[in-house]
Amino acid sequence: MNAPSTAALADDKPGKDERGILVIEDSRTFAIALRQFLEAETGLPVTTCASLKDLSELIVAAPGAYAIAVVDLNLPDAPRGEALDWTVAHGIPTVVFTATFDLATRGRIMEREVIDYVLKDNEFALPNLVGTVKRALDNRNTRILVVDDTRTTRKVLARMLSIQQYVVVEAGSGAEALALLDAHPDLELVVSDYYMPDMDGFELARKIRRSHPNVRLIGISSSTDRKTSAGFLKAGAHDFVARPFVLEELQCRIASNVETLTQLKRLQELAARDYLTNLFNRRHFFEQGPALVETARQAGLPASIALLDIDHFKQLNDRHGHDGGDRVLDAVARNLSRLAEGGTNLLARVGGEEFAILFRGADLAEALRLSETIREEIAREALLLGGETLALTVSIGVTEIGASERLDASLGRADQALYTAKQAGRNRVCAAAQRS
Ligand code: GH3
Ligand code: MG
């Protein structure tokens with residue numbers, strides 16, 4: 001079943017990057033271990049080669065095939081990092097894996113615009129390398145806003161961050177930064193200079209904390225006054241880095257803030273989900289529902305709600321035990337997810353054996369049609385439980401959400417329609433008209 005065709009409401013998701021990982025490593029043991037580890041952790045195909053000659057042939061054959069390269073600095077036919085020159089020259093983001101490390105080597109690596117380097121000299125080398133590659137791949141999903149009124153310094157920082165694979169957006173003033181944050185809710189991290197003519201970094205930090213409380217902010221400044229870092233932190237920044245940067249320090253501080261963001265998102269995701277079925281829970285439905293209805297309204301579209309309840313569920317519980325009941329709930333949830341989740345719909349488990357679906361863009365007639373399809377599909381599906389084939393049915397109450405009506409009021413009306421469906425014999429869809 002298709003969600004209502006309301007392109008204006010559909011979420012844009014970027015396409016998945018299918019490119020692989022290229023490993024240039026002459027030690028066979030390392031190369032094999034790396035390939036297994038990287039494939040398991042990233043799910044991407046890994047190609048290995050052991051010399052500059054093989055590398056050049058691979059790149060010439062398929063220059064655009066690699067999302068990232070891992071390069072050993074010393075190869076028999078490329079002892080001075082020539083393999084690194086090749087990957088960088090061909091625009092392949094590169095992580096260096098090296099056994100030799102001294103200041104001269106670091107200098108040679110850093111002047112070549114690499115993502116990072118990982119030392120081979122310790123027992124954690126392999127997991128460190130895999131972690132670095134994973135982080136770099138993940139960075140492509142993080143948008144960072146760089147705020148600095150001086151174009152050249154802003155460009156240098158933006159370039160450093162794009163080498164780390166972050167998606168970088170630039171602002172030349174505090175006001176522009178605030179406007180960009182308003183326009184792009186996916187901007188998650190701000191790196192801001194202190195001195196700017198229209199508003200300084202402290203004021204920007206205070207404003208961002210108030211208007212975008214989930215955004216992380218790192219202050220930067222070339223001031224030698226230690227109070228600048230304290231001022232940034234007191235204004236609400238999460239971190240501070242002094243100019244001129246030690247590149248590795250800046251990388252680590254940004255990575256640690258991105259990690260915090262990732263953990264926060266994971267917690268938010270867990271808080272929004274129902275543990276048994278992994279569907280969205282009641283809290284999420286009521287937190288997100290009103291805004292979703294509002295976007296439909298603004299696009300001049302209707303919205304409807306369906307409340308769905310499993311028929312005679314108590315009997316199933318009594319007969320097959322609570323665990324059996326749980327399995328039925330999970331099966332119904334998976335069916336509903338397949339039939340009604342995503343696109344412009346919001347599906348949630350809102351009670352023990354009750355599920356709600358918000359149909360954005362659907363008026364009552366359309367919501368009735370969609371609900372009828374869901375009811376039929378669930379009734380058609382047989383579920384095997386304790387050696388018994390269960391005929392599972394659901395009853396559904398549907399209503400259209402009134403203009404400026406509260407979501408709980410609409411859900412209450414859908415509940416009355418559901419009650420009518422139960423009274424009329426179950427396994428059916430009933431509608432409740434809006435009160436005028
Ligand atoms: P009706 O057809 O009128 O909806 O009857 P019913 O038996 O489905 O409804 P009733 O409300 O009498 O029973 C619902 C049962 O769902 C009662 C409760 O113990 C059970 N239940 C609620 N949450 C869960 C759960 O998470 N797991 C299991 N196994 N049972 C649950
Ligand atoms: Mg029931």
Side-chain angles (χ1 to χ4, degrees), residues 6-14 138-151 153-155 157-159 161-162 164-221 231-241 253-254 257-258 260-265 267-269 271-272 284 286-301 303 344 346 358 360-361 404 407:
T6 44
L9 297 172
D11 300 323
D12 281 340
K13 289 265 153 51
D138 285 347
N139 287 351
R140 299 180 300 180
N141 302 317
T142 302
R143 282 177 191 271
I144 301 186
L145 176 62
V146 174
V147 194
D148 195 326
D149 61 310
T150 311
R151 190 173 178 279
T153 48
R154 191 176 71 233
K155 291 284 171 207
L157 181 53
R159 177 82 194 130
L161 295 173
S162 14
Q164 303 293 303
Q165 304 298 294
Y166 293 109
V167 183
V168 183
V169 179
E170 297 177 40
S173 69
E176 196 186 343
L178 291 169
L180 281 166
L181 285 170
D182 284 341
H184 301 281
D186 56 348
L187 279 170
E188 299 176 298
L189 181 68
V190 176
V191 183
S192 173
D193 191 25
Y194 169 64
Y195 179 74
M196 292 179 291
D198 71 327
M199 83 176 71
D200 65 26
F202 298 173
E203 188 183 344
L204 180 62
R206 280 191 286 269
K207 288 193 163 148
I208 290 177
R209 282 312 286 269
R210 200 166 339 117
S211 57
H212 298 87
N214 296 328
V215 166
R216 308 281 299 176
L217 177 75
I218 301 177
I220 46 175
S221 171
F232 253 122
L233 297 172
K234 282 189 81 87
H238 300 87
D239 213 339
F240 178 82
V241 188
R253 289 191 188 275
I254 290 184
N257 275 280
V258 169
T260 305
L261 276 171
T262 309
Q263 284 167 347
L264 283 173
K265 274 190 265 182
L267 284 177
Q268 279 162 358
E269 177 72 9
H284 181 84
F286 279 99
E287 271 177 8
Q288 299 300 315
L292 294 176
V293 174
E294 187 51 33
T295 57
R297 297 249 173 283
Q298 282 168 5
L301 295 165
T344 55
L346 176 66
L358 178 66
R360 280 189 297 160
S404 71
L407 199 56

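This chain uses plain numbering: 1 for the first residue, then up along the sequence.
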Report task. Measure the spacing between CD1 of Ile144 and CG of Asn257 and express it to the nearest 0.5 Å. Result -> 9.0 Å
Query - Donor-acceptor under 3.5 Å (Asp148 side chain, Gly172 main chain) - result: no
Requested in this report: Would you please test Glu188 and Asn214 for side-chain contact (heavy atoms from CB on, under 4.5 Å) and show each step?
Outcome: CA-CA 7 Å; Glu188 299 176 298; Asn214 296 328; over 6 Å; no
Query raised in the report: At what distance, to the nearest 0.5 angstrom, does CG of Asp239 lie from CG of Leu233?
Result: 7.0 Å
Query raised in the report: Under a 4.5 Å cut-off applied to non-hydrogen side-chain atoms, are Val191 and Leu145 in contact?
Result: no
**Report entry** Exam field: side chain Glu294 to backbone Pro290, donor-acceptor pair closer than 3.5 Å
**Finding:** no
Query raised in the report: Say you draw a straight line from NZ of Lys207 to CG of Leu178; how long is it, rounded to the nearest 0.5 Å?
Result: 6.5 Å
Query - Any side-chain heavy-atom pair of Ser173 and Asp198 under 4.5 Å - result: yes
Query raised in the report: Are Glu170 and Arg151 within salt-bridge range, i.e. N to O under 4.0 Å?
Result: no
Query raised in the report: Tell me, do Val241 and Ile218 make a side-chain contact under 4.5 Å, heavy atoms counted?
Result: yes
Requested in this report: Kindly indicate whether the side chain of Leu187, heavy atoms from C-beta on, has any atom under 4.5 Å from the side chain of Val169.
Outcome: yes
**Report entry** Verdict with supporting geometry, Leu346 and His284, side-chain contact (heavy atoms from CB on, under 4.5 Å)
**Finding:** CA-CA 10 Å; Leu346 176 66; His284 181 84; 4.1 Å; yes
Query raised in the report: Between Lys265 and Gln268, is a side-chain contact (heavy atoms from CB on, under 4.5 Å) present by the stated rule, with each step listed?
Result: CA-CA 5 Å; Lys265 274 190 265 182; Gln268 279 162 358; 4.2 Å; yes
Requested in this report: Output the distance between atom CG (Leu157) and atom OG1 (Thr150), rounded to the nearest 0.5 Å.
Outcome: 12.0 Å
Query - Residues, nucleotides or ligands: over 12 heavy atoms within 6.0 Å of Arg143 CZ - result: no
Query raised in the report: Looking only at heavy atoms, what is the nearest atom pair of Leu217 and Ala205, with distance?
Result: CD2-CB, 3.2 Å
Report task. To the nearest 0.5 angstrom, please state how far the CD atom of Gln165 sits from the OG1 atom of Thr142. Result -> 11.5 Å
Query raised in the report: Does any pair with a residue in residues 165-195 pass ring-ring contact (aromatic ring centres under 6.0 Å, His included), and if so which ones, sequence neighbours excluded?
Result: Tyr194-Phe202
Requested in this report: With side-chain contact (heavy atoms from CB on, under 4.5 Å) as the test, would you mind laying out the steps for Val147 and Met196 before giving the verdict?
Outcome: CA-CA 9 Å; Val147 194; Met196 292 179 291; 3.6 Å; yes
Query raised in the report: Going from CE on Met199 to OG on Ser192, what distance comes out if it is rounded to the nearest 0.5 angstrom?
Result: 9.5 Å
Query raised in the report: Just by distance, do the side chain of His238 and the backbone of Arg216 share a donor-acceptor pair under 3.5 Å?
Result: no
Query raised in the report: Can you tell if the side chain of Phe286 reaches within under 4.5 Å of the side chain of Leu407, non-hydrogen atoms only?
Result: yes
